[in-house]
Amino acid sequence: MKSALKKELTIGALVIVALAVLFIGIDFLKGINVFKAANYYYVQYTNVEGLAISAPVNLNGFKVGQVRDIKYEFDNPGHVMVELTLDKQLQLPQGTQAVLTADLLGTASIVLRPGHSEAKHKVGDTIEGVSDKGLMGNVSGMMPSIESIFPKIDTLLTNLNILTGDPALTASVKRLDDITANLENATRQITAVMASLPPVTSDVKRMTSNLDSITGDVAVLTQQLRNVPVDSITTNISEAIANLNALSEQLKNPDGSLGMLMKDPALYNNINATVSSLDSLFIDIKRNPKRYISIKLL
């Protein structure tokens, strides 16, 4: 009897341990650590597409928890209750929002957007849930705009086909080809002319050497001008000017010989008469040389 009771107790204990291991294993597979202390909060959404149990809950890009459970509220149709398990050290301020976001592949996660209140949420409170359209939602919102652009693109392509089929455009392209060919021909001719020109490098070198020699001559002339005795020349010029001034004063002085010669009319008349007499004498000597010159022959 005792052995049968002992066997039953052993079986019951093994069943309990197996159930505990199964429970812990299921939570472990879900990513839930039952041995780590955590706080539980609830969030209400109207659409949780892409959100799964054990989805991460991030704060500033860091994982601070995960989704523990998702339940549809049958007593409140159109709403889904999501249970969050967060790190026990995390305290959420009042006004915190749980933003449901989805990546490009459609996998959803929850991002906490802390409030600015000093008051804190209590464990088990319901946090405000916000759904973010994400990248795919933004693309879906852009689809109507893209659909409205399609007719314009079709019109643009039609006009482009008409333009490319216009013979005038073909003629213009042909003229551009002719102009390009003419430009290439002109370029070749200019190249040939440039090649036939004599080299000017030697002339440039010669001009450079001439400029160097001219520069040297100018430098020598400048040095010679620096060596010219400017002071003595200035003194000589001053003395010559002084002599000219003295001569001018003598000419202006009526009592001087030069002044009397220039201003006395009688002296001028006497000199003029003397010159006239000398002229008459020279003429008479030319006419009658024997009167003045006597030649005796031995």
Side-chain angles (χ1 to χ4, degrees), residues 13-150 152-153:
L14 290 176
V15 171
I16 293 172
V17 171
L19 291 174
V21 170
L22 179 62
F23 176 76
I24 295 172
I26 292 173
D27 285 343
F28 178 77
L29 293 176
K30 291 181 180 180
I32 300 173
N33 188 358
V34 296
F35 299 104
K36 183 178 180 180
N39 293 330
Y40 299 94
Y41 298 91
Y42 298 93
V43 186
Q44 201 174 59
Y45 297 103
T46 57
N47 189 351
V48 292
E49 182 179 1
L51 185 66
I53 296 176
S54 73
V57 178
N58 299 323
L59 177 63
N60 296 333
F62 182 78
K63 182 180 178 181
V64 294
Q66 59 189 5
V67 176
R68 182 179 179 85
D69 196 9
I70 302 175
K71 293 181 180 180
Y72 186 81
E73 294 185 312
F74 294 98
D75 56 346
N76 188 13
H79 294 81
V80 179
M81 184 64 69
V82 178
E83 182 181 354
L84 306 180
T85 173
L86 303 179
D87 193 296
K88 196 173 184 63
Q89 296 180 352
L90 179 63
Q91 294 182 353
L92 300 179
Q94 293 283 347
T96 299
Q97 295 177 340
V99 183
L100 179 63
T101 61
D103 58 15
L104 186 61
L105 299 178
T107 303
S109 62
I110 295 177
V111 177
L112 295 178
R113 189 179 295 167
H116 302 286
S117 176
E118 296 292 336
K120 306 296 181 182
H121 274 293
K122 295 180 181 179
V123 178
D125 283 351
T126 300
I127 304 172
E128 179 184 0
V130 179
S131 296
D132 188 5
K133 294 181 180 180
L135 181 60
M136 296 304 297
N138 293 331
V139 172
S140 299
M142 292 172 59
M143 290 304 295
S145 300
I146 295 175
E147 291 177 356
S148 64
I149 292 174
F150 282 152
K152 299 179 180 178
I153 295 177

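The chain is numbered in sequence order, starting from 1. Basis for what follows: all heavy atoms, side chains included, without hydrogens, waters or symmetry-related copies.
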Got a sec, which pairs hit ring pair (Phe, Tyr, Trp, His ring centres under 6.0 Å) with one end in residues 56-113, sequence neighbours left out?
Tyr72-Phe74
Inter- and intrachain pairs under salt bridge (Lys or Arg N to Asp or Glu O under 4.0 Å), touching residues 71-80, at least two apart:
Asp69-Lys71
side-chain contact (heavy atoms from CB on, under 4.5 Å), that's the test. Do Leu92 and Asn39 meet it? Break it down for me.
CA-CA 11 Å; Leu92 300 179; Asn39 293 330; over 6 Å; no
CZ-CG distance between Arg68 and Leu84, expressed to the nearest 0.5 angstrom:
11.5 Å
Nearest 0.5 Å, what's the CD-CD distance between Gln66 and Glu83?
11.0 Å
Do any side-chain atoms of residues 105-119 form donor-acceptor pairs under 3.5 angstrom with protein atoms, and if so which ones, sequence neighbours left out?
unit_1 : atom_1 : unit_2 : atom_2 : d
Arg113 : NH1    : Gln97  : OE1    : 3.3
Ser117 : OG     : Ala119 : N      : 3.2

Give the minimum heavy-atom separation between Ser131 and Tyr45, together with the two atoms involved.
OG-CD2, 3.9 Å
For the pair Gln44 (side chain) and Met81 (backbone), establish whether a donor and an acceptor sit closer than 3.5 Å, ignoring hydrogens and angles.
no
What I'd like to find out is whether the side chain of His121 reaches to under 4.5 Å of the side chain of Gln94, using heavy atoms alone.
yes
Taking all non-hydrogen atoms of both residues into account, name the closest pair between Leu86 and Val57 and its distance.
CD2-CG1, 3.7 Å
Flag side-chain contact, heavy atom, 4.5 Å: Val123 against Tyr41
yes
Which heavy atom in Asn47 sits nearest to a heavy atom in Leu100, and how many Å separate them?
O-CD2, 3.3 Å
So does Asn60 have more than 12 non-hydrogen atoms from other groups sitting under 6.0 Å from CG?
no
Which residue in the set Val67, Thr101, Val80 passes side chain to side chain contact (heavy atoms under 4.5 Å, CB included) when paired with Leu51?
Val67
